Structures are given as C-alpha cells and as structure tokens.
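Right, one structure below, let's go through it.
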There are 2 protein chains.
Amino acid sequence: MATTANEDYIKTIYALESSGQRASTSRIAQRLDVTMASVTGKIKHLAAAGYVRHTPYYGVTLTPKGRKLALHTLRRHRLIELFLVKTLGLRWDEVHADAEVLEHAISDKVLERMYEYLGRPEFDPHGAPIPAEDGSIKELTGVRLSDLPSGARSRVLHVSDADGEFLRYLASIDFTIGTAFTLRDRAPYGGPLRIRIGRRELDIGPDAAERILVCPS
Amino acid sequence: MATTANEDYIKTIYALESSGQRASTSRIAQRLDVTMASVTGKIKHLAAAGYVRHTPYYGVTLTPKGRKLALHTLRRHRLIELFLVKTLGLRWDEVHADAEVLEHAISDKVLERMYEYLGRPEFDPHGAPIPAEDGSIKELTGVRLSDLPSGARSRVLHVSDADGEFLRYLASIDFTIGTAFTLRDRAPYGGPLRIRIGRRELDIGPDAAERILVCPS
DNA sequence: AACAAAAATTAGGCAAGCCAAATTTTTCTG
DNA sequence: CAGAAAAATTTGGCTTGCCTAATTTTTGTT
Ligand SMILES: [Mn+2]
Ligand SMILES: [Mn+2]
Ligand SMILES: [Mn+2]
Ligand SMILES: [Mn+2]
C-alpha cells in the first residue's frame, strides 16, 4: 500500500505543512522534481486512499492517516541517517541520499533494532527530532542564528540535511550540532556575524546564519 | 538500469545455473512465484539488455554481464545478512527476507563500509561465500552430511538460507555453521544419523542430513 | 507415428508512475 | 474590469511489471 512514491509525496506534504506553507501542486512538484501533472495524478490517488484531503486548485492537507505515515517515514529516514553516521562512519553530508532510498526498504523489525542499538536516540545527525514509534514528535524550539541578539550565548541546534555543500562547509569550520558559542556582534550592512567558540573566533555570513537554528541558553 | 525485478531474475538464473539446473521458464517462474508469461516477457527484456542469452522453448544462460550483476547482487545480499546478524543481533533464520529487499536499496558506498566494518568477511551467516568486489567467488567444496562415511570427523559448512523453519530447528539443537562433530553411525532403513559434538549426542534425520553441507577434516 | 500433457510463448489487459501538450481556473496587473 | 500570466487539471501516451487466456512447440506415452 505505502509505496516509495507515496511515502515521498506524503513526506513532502508534511514538510510543507510543518513549515507553514500551503501544500500546493506546484510546490510539491518542485520539491520532488516531477511535473505538476504527475502531482495532480498522485494527489487524486492519495486522496482516494485517505491520506490527504484535496481542495482542487488550492492544495492538499494531510489526514491523521497521512500524518501518521509521514511521521513513520520520517522516523525511518532520521534513524537511518543517524545509524549511517554513528555506526558506519559516514559523514553527515553524505547520508541523506542513502536514507532517502533506505527509508522505504527497511522493515520495522530492523528499524527497531537500530533504534535500540543507537540507545533510543532523540535527534538525527542534523539535529532534527526523530519521531517516536507512537507518532509523536518533539518541537524544535530554536531561533535562527541570524535572529540572535549580539552577546547571546547559544548552541547549534539544527541544520537542514538537504544541502550537502553547506553541511561540508559547516563541518570544515567545525560548527556542528551541539557546538556552544557566543555571538560577539554582527558587521553592519549584511556583513558577517562574529562568533566565539571557546578561544576560537569565526565569521559566518548572514545567508548561512539564516539557515542555522540555535538554542539560546 | 538494474531494477529490483531484474536483479531478482538474474540472481535466480544464477542460482539455477550454479546448481547445475537448466534455467527454464518454468523453474524461474516457480522460484520467483510469478507466472511463466511474466518470465517469458522479462527474459526478452534481459536478453535485449545483454544480461542473458535466450534459446526459445529451452531456457536462458547468463552472459558475462549477467553473471557480474548476479554476483554483485549476491554480494549485497550476503553482506547484508551477515550485518543484520552480527551488528543488529537478528537471528540467522529471520534475515533473508530483509536482505532480499535491502540488496536492491543499499548504495555501493554503504555496502563497502559494512564490508570493512565486518572485517572483510568471507562467508555469510549460513556459510555461503560472499563474492568479492571483483566478482570472484569461492567454491564451496563440501559434501552432504548424508554422504559422509560413518566415523568421519567434520564441520558444518553451509545450509540454505531459504527455509527459516529448518534454520530454527538447527539453531535449537545447536548445530550451526562451524560446529565440529563426529558421525558415529547411521541407523538402517532411513533411520537417523547419530552425531557426537564434544560430549553431546545428537540424532539427525536423513532428510535434514541431505540439506546440510559439511567439510570433512 | 499419434495423441496427450507439459512447457513456452503470444495476445490483451491492468496498475503505478511518470511525461508533454492542451485546457481550465485562479490570480495578478494595468 | 479586462487581459495576461501563473497555477492546476485533463488528456493521451509511455515503460515496467505483473496477470489470464489462447496458442504454439516440445516432450512423453502408448
Ligand atoms: Mn535526510
Ligand atoms: Mn525517499
Ligand atoms: Mn538469503
Ligand atoms: Mn531481492
């Protein structure tokens, strides 16, 4: 019933909804790199199967059944990413593509073994919360690094797993999940943010800062 | 190019060939649990793609390209089975179904990490040789337990991974890969084989003995 | 050799997923 | 409020992978 394509569509709709965007045909098509015609067709199927409600010419919302499938797939994706990093030693910037495939192939039995093996983790390698078996998920209550007031002490909480290039950059400057730092100040007119990590000083561009979620402490 | 279905067909043809059987439409259909019509259709496609040569109304043989794909898929299957047993602690009787799916989903990168992580293993949990990256594979030079002469000292070498029930039985009597034993004698008229493992005595039926490959030493 | 049974193939059809092109609906803009 | 642009849908078509039913070829049996 839940094919690879179905799960990827549902995940995409969930991602749009939880970032406050309307799950429109065009946005789904863009994210999945398929045509709008394909999305319209799939939406009809997902609606008939009870995963989404469809308002023609407007968009789609997940039903409880759809939300459950989204979270189950996300749990798989994030546990797999963590497993690949922790157990097999892959880098955080190279696990997303593998997880995108394996999330549809791993049985519940193997998944729960991985979960136990990893010590019932709560976050994936990019700081995203791993949904629980019952479909509950922790909210990420962070703020954008770009919104942090000067002088604030904080920790890196989350970065999107989608852009490998950006993840490699962050790794290269050693600015990874959990890193504690102080925001010294920000240069004016879109200049870099000056950050202190222990004894180390670091400059981060404003575009990068917008993509980093931090936890003020 | 190499889809799940293609890989499973090629693996099945390889298994038939290497057990000395003709890869006929009916035998492939039986093993994959599809109709002969489906097999005929797929065979045409595999022949057109250069994986097999087809002699109509007779059967099919792997080309070097097909053999290479078969061994690559077998390598994945067997490494995955070993990984599931060794790393995640699944039992040897419950890994086959998972491996049958994951063999088509795991990237070469992850596979080679698993290979290193496991210490470059040579055999899977059922004693089957794991093909090397270059497509070479060790021959299993064992004999059937049922063919072993009375009094011979030997070790369990290999059992098929296909029958979970049988694997659970072997595990329950602690007669697993590598177990050293002596064949005391065999009861006449299809009676059991009496086996000694250290101090322990064991009876094994003749049907079971035919399915166990051992290595006389 | 003749006929029946078994094996294999062909023909036609269906579902999933995708696409391009045409059409309809909504939204934007002057 | 037009008219144009953008968004969404419909239509028709393609591939993969499977099926059933009909047909052809091979094999086995008397
Ligand atoms: Mn990811
Ligand atoms: Mn996916
Ligand atoms: Mn197996
Ligand atoms: Mn398989």
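Below, chain A is the first sequence line, B the second, and so on; all start at residue 1. Here the structure is a predicted model, which means the values were calculated and not measured.
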Exercise. Do NZ/NE/NH1/NH2 and the carboxylate oxygens of A:Arg120 and A:Glu116 come within less than 4.0 Å?
Worked result: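 The answer is yes: the pair qualifies as a salt bridge.
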Exercise. Should the pair B:Lys11-B:Glu100 be classified as a salt bridge under the 4.0 Å nitrogen-to-oxygen rule?
Worked result: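 Yes, charged N to carboxylate O under 4.0 Å.
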Problem set entry | Parallel, tilted or perpendicular, as decided by the 30° and 60° cut-offs, for the rings of A:Trp92 and A:His126 |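 Rings of A:His126 and A:Trp92: parallel, as their planes differ by under 30°.
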For this session: Report the residue (A:Tyr57 or B:Ser24) whose heavy-atom-nearest nucleotide on DNA chain C is the more 5′ of the two.
Result: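 Per heavy-atom nearest nucleotide, the more 5' residue is B:Ser24.
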Does [X] place a side-chain N or O at less than 4.0 Å from the phosphate oxygens OP1/OP2 of [N]?
X	N	value
A:Lys44	D:dT10	yes
A:Thr25	D:dT9	yes
A:Lys42	C:dG17	yes
B:Ser38	D:dC19	yes
A:His45	C:dA16	yes
B:Arg22	C:dA8	yes
A:Tyr9	C:dC18	yes

[X], nearest nucleotide to its side chain (from [options]):
X	options	answer
B:Ala37	C:dC18, C:dA11, C:dA20	C:dA11
A:Pro56	D:dT9, D:dC18, C:dC19	D:dT9
B:Ala5	C:dC18, D:dG17, D:dT10	D:dG17
B:Thr40	C:dA8, D:dT16, C:dC19	C:dA8
A:Thr35	D:dC18, D:dA8, C:dA20	C:dA20

For this session: Answer with base, sugar-phosphate or nothing: what part of the nucleic acid does A:Ser26 contact at a heavy-atom distance below 4.0 Å?
Result: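 Sugar-phosphate only.
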[X] [atom1] to [N] [atom2], straight-line distance once rounded to whole Å:
X	N	atom1	atom2	result
A:Leu46	C:dA15	CG	P	17 Å
B:His54	C:dT9	NE2	C1'	9 Å
A:Met36	D:dA5	CE	C1'	12 Å
A:Ile43	C:dA16	CD1	C1'	16 Å
A:Glu7	C:dG17	CD	P	10 Å
A:Arg27	D:dA6	CZ	P	16 Å
A:Asn6	C:dG17	CG	C1'	10 Å
B:Ile28	D:dC18	CD1	P	13 Å

For this session: Mark yes or no for whether A:Arg53, through its side chain, and A:Val60, through its backbone, hold a donor-acceptor pair below 3.5 Å.
Result: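 Pair absent, no side-chain N/O of A:Arg53 close to backbone of A:Val60.
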Problem set entry | Expected output: side-chain B:Glu94 to main-chain B:Arg91 donor-acceptor under 3.5 Å |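 Checking the backbone N and O of B:Arg91 against the side chain of B:Glu94, a donor-acceptor pair under 3.5 Å is found.
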For this session: Please say whether the positively charged group of B:Lys138, taken as NZ for Lys or CZ for Arg, lies over the ring of B:Phe123, i.e. under 6.0 angstrom from the six-membered ring centre and within 45 degrees of the axis.
Result: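 That pair qualifies as a cation-pi contact.
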